[in-house]
Every structure is written in structure tokens, then in C-alpha cells.
Amino acid sequence: MKFKQLIPLLLVLMFALVTGCSDSTTKEAKNDPETKKEKTDLILATTTSTQDSGLLDVLKPDFEEKNNYNLKIIAVGTGQALEMGTRREADVLLVHAPAAEEELVKSGDAINRQKVMYNDFIIVGPAADPAKVKGLSVTDSLKKIIESKASFVSRGDDSGTHKKELELWKKSSLDPKSFGETYIEAGQGMGATLQIASEKQGYTLTDRATYLAQKKNMPDTEILVEGDESLLNIYHVMQVNDEKHDKVNAEGAKAFVEYMISEDTKQIIKEFGVDEYGQPLFFLFE
Amino acid sequence: MELLLEGLKKAIEMILSGDREIFEITLLTLRVSITAVLISTLIGIPAGMFLGLAHFPGRKFILALVNIGMGLPPVVAGLWITLFLWRSGPLGDLAWLYTPTAIIMAQILVSLPIVTALTSTAFQQINPKLILQVKALGATKIQLYWILMKEVKLAILAAIIAGFGRVIAEVGAAMMVGGNISGETRILTTSIVMEVSKGNFDIALALSFILMTLAFIITFTLTYLQQRKRSL
């Protein structure tokens, strides 16, 4: 075969592949009666913990079945999710940084903010517990971790968890920036941060859901501090205000907020994780 | 090490059981990568040919730009495309952000300079005497270009292979502009990142085997096509 003949052949092969793939998706769409009414896209900006725990994998198909929207879930840190709300690049937010959320409501960027669920943050560390913090209060354990020169791995990415951690340092009247090398800023998601903490035999603040999901990879890491009221991790859902931007899908956002606080959804959240971990990952406000 | 074997076993299991999600993710990966490489090839080869053969003021400057483009970090490409495709951005009305089209755009941005630069280098290496001779034999412009194309066909295929390698391995930009949305923009590389952050190293490894197999098959086919000409 000459090279001359080769190029068209390659092109035909590639086109066949490309069009073949797109064909299968359109056929699928035709078979689905739901798509007769045009589905509009609804962009949900949320934190990685709701995706990494698998909760959204359960909620997304259920929401789409009950509502005629195509839910696009963008899982980023809470910092980025809130910024997407301010810029109106998302329609609805599901995040866990109450103080920062209130600012968004105050500035008029977000409306219809509703409490959805909570779980708790925990401080995990090596099972040997070199700083001897097991069972102490949050303030005492943070002090001890620093005094004992043990490593503390921070998310360092402006996420909800990171914001919470900074709040806890402040409450304990400690400045993590002054700790030097033992304070490690990972700049990554919770999963990666837990891995770093485990490798470095360090301590870290994590949400319980992500820790339970990762536990199988870190046999040496244990929950050392839990149950303090300051460790509550509250998730809110809110609509992005469509007043300043006509591209925001306000109707869809409203539908999602209503879906998240409906009784059926509450039931799903309550039971989520029980089968796999023997305990629920998220709790509801009764 | 045990995990490696486990991952390989899981990959074979996933493929044999015809896991629908894996199938869709793999298909989308292929669709996006091949479309991007195809467009890069269709634009990059003529552009590279022009840059390699023509002489005009500012040519060296453009060549330098294209060479810099070869090293464009995918994350930077992703960030720029995000800014352009934002609702508040200049192309916001298209609503392309978080669609496969956005991923294809980012992939083109990182692979086009590679195809263009490598093609232009190939054309620059043609002996000028050959061009003179072909012209002297009375070839038309199109005939001349066709003959030169045949002269550098190996290098052109190498350019396509390099472009494809860049595209199929890319993750940062695809994550940023695609958003890793399940069933829509989730491709093999972004799902590997996600599964790692979920702590599912076995699934991530399984996906990595599927990705590597895919890359191997396509690169092998292209290499085979490239090398079988050599015996002539």
C-alpha cells in the first residue's frame, strides 16, 4: 500500500470511530422518553467530600428521575465552589463553610440557603500517637501536637475543611504559620492529604466520611480526637442569585434546593453508608 | 506489588464483565483524543509545511512561538479555555464548559503545536536541491508539495504519534474544563485521579491498565503503518 492511499484510509477509520461513538449516544437519547422534553443543564458546584464519599452518585440519578434537569456535578474545594457562585458560573452550591457562606448570602450572591445535613470532623494520626492526644479536647490536642514537634498536615487549599482547621487554630490561640517545618500544607484534596499524613506519621483534620472511605489504605492511622462540638461539619445548599446574570438556571437551582430538603432525600442521606461502613456518613437535623 | 496484580485482575474483570460505565468512559476517551488529534493533524500539517518551506518576515518568531507551544503545560491550556468558556467569558453563550467539546479544545491547544513544530522541522530538513530539481522537471505546485510530503512521511507520522501521546495522557486540563462529570466528561485519566482521591487504588490501577492498553494499541498501529513503508 502506498502512503497516498494510507492517509485517506486512516482518515476514514478515524471518522468511522468518531461518528460511530457519537451515533451510539444519540440513539440512546432517542430511546429515553424523558429527553423528549428538552433537558436543561444544571451546574452544581460542591465539595470533594460529597463526591468522594459516593453520596452524589446516589442522589444524582434520583434527582434527575424526579426533575427534568441534567445535573452537572463539579466537585471542587469549597473555596472554588463559593467563587463559582460569586461569578455565577454555577447554579446551585452544596458546601460546608458556614462563615464564608453567610458572606455570600449577605452580598446577595446566594439566596435560599438551607441546612441539609451534618457529619463531624475528626483529628486522625498515627496509632502510636507520639503527641499523646488521644481523647483530649481539640484545643489541648492541637497544642500538644505542636509542642511534641509531630507533623501536622493541612489541606492548605481553601476548602471547607481547611477553613475549619484555621478556625480551630485561631480558637486555640495558635498560629500554624509560626510552627515551621512540622506544619505541612498539602494543597490537595482530603484523600491525598490523608495519604501524606499517613506516610509522614503526622496528624491531620479530616471529615469522617472521607476518612472511613480511605481507611483501608492506611491501617496505621486512627481516630484520636472526636466528639467536640466545635468539630461539627454542617452542609448547606443554596441557590446562586440569578439577578445579576440571566444565564443562571434559577428554576433548576430552586428545584435542587427543594429536592435536597425533601423527606425522600432525607431518607436516602440517613441510610447512606450504613451498608458499607456499618454507620451512616451523614446525619440530619431533627 | 500485590496491588499491581490486583489491579490487573480487576481490569480484566471489568472488561470481561462488560461494565457499562467503563465502556462509556473508554469510548469517550477515544472519541475525545482521536477528534483532537485529527483536528490538530488537519491544521498542523499544512501549517507546519508552510512554516517549513515558505520564507517571510517574522517566520522565525512564529517558529519560536510554536516551539514554546510544544511545552505548553496542559493546566495552563485548561485555565485559559476555562476563562474563555465561562458564562461571563467571551464564548460563554456557547455553553461549552463542562462538555466534551471543551476537553477537545484543550487537547487541540496542547497537541497542535507539537504536530506543527515537528512537521515544520521535517520540511526544513529537505534538501533545497531536491525542490529545485522537482521544479525543473516541470511539476505543478500541488505535485511538488505531494512529492515533498512523501519525502517526510515518516516524520509526519512521528508528529501525529507524539501529538496523540500528549493528548491521551492529559489530565489537568480535562479535569478543569470537563469537570469530570459522570457519564458526560469523565475520561480515563480524570477517573484515575478521582478514584485515587476516593482511596480506590485497585480501580485506579485497573483503569490505568485499560488506558495503557489503549495507548499501546493505537501507537503500535501508527508505528506499524509508519514502518512498513521502510521495506520498500
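Naming convention: chains lettered A, B, ... in sequence-line order (proteins, then strands); numbering from 1 in each chain. On a predicted model such as this, the values are computed, not experimentally measured, just so you know.
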Bottom line for M218(A): the part with an atom under 4.5 Å from chain B's heavy atoms is neither
Okay, D57(A) and chain B: the region with an atom under 4.5 Å from a heavy atom over there is side chain
CG (L148(B)) and CG (L130(B)) are apart, to the nearest 0.5 Å, by 6.0 Å
The interface call for A209(A) against chain B, heavy-atom contacts under 4.5 Å, is neither
- prompt: Could K72(A) and E184(B) be called an ion pair, given the rule that one side-chain N must be under 4.0 Å from one carboxylate O?
  reply: yes
Heavy-atom closest pair (L93(A) atom, A90(A) atom, distance to 0.1 Å) is CD2-CB, 4.1 Å
Salt bridge between R87(B) and D91(A), side-chain N to carboxylate O under 4.0 Å? yes
Note: vs chain A, highest number of non-hydrogen pairs under 4.5 angstrom among G92(B), G89(B), S182(B), A95(B) is G92(B)
Honestly, the part of V32(B) sitting under 4.5 Å from a heavy atom of chain A is neither
* Give the ring-plane orientation class for F63(A) versus Y259(A), where under 30° counts as parallel, over 60° as perpendicular and anything between as tilted. => perpendicular
For this session: Return the orientation label for the F282(A) and F272(A) ring planes: parallel under 30°, perpendicular over 60°, tilted otherwise.
Result: parallel
Bottom line for V248(A): the part with an atom under 4.5 Å from chain B's heavy atoms is both
Cut-off 4.5 Å, heavy atoms of chain B, and the answer for Q188(A) is neither
Counting heavy-atom pairs under 4.5 Å with chain B, the top scorer among K247(A), K216(A), Q214(A) is K247(A)
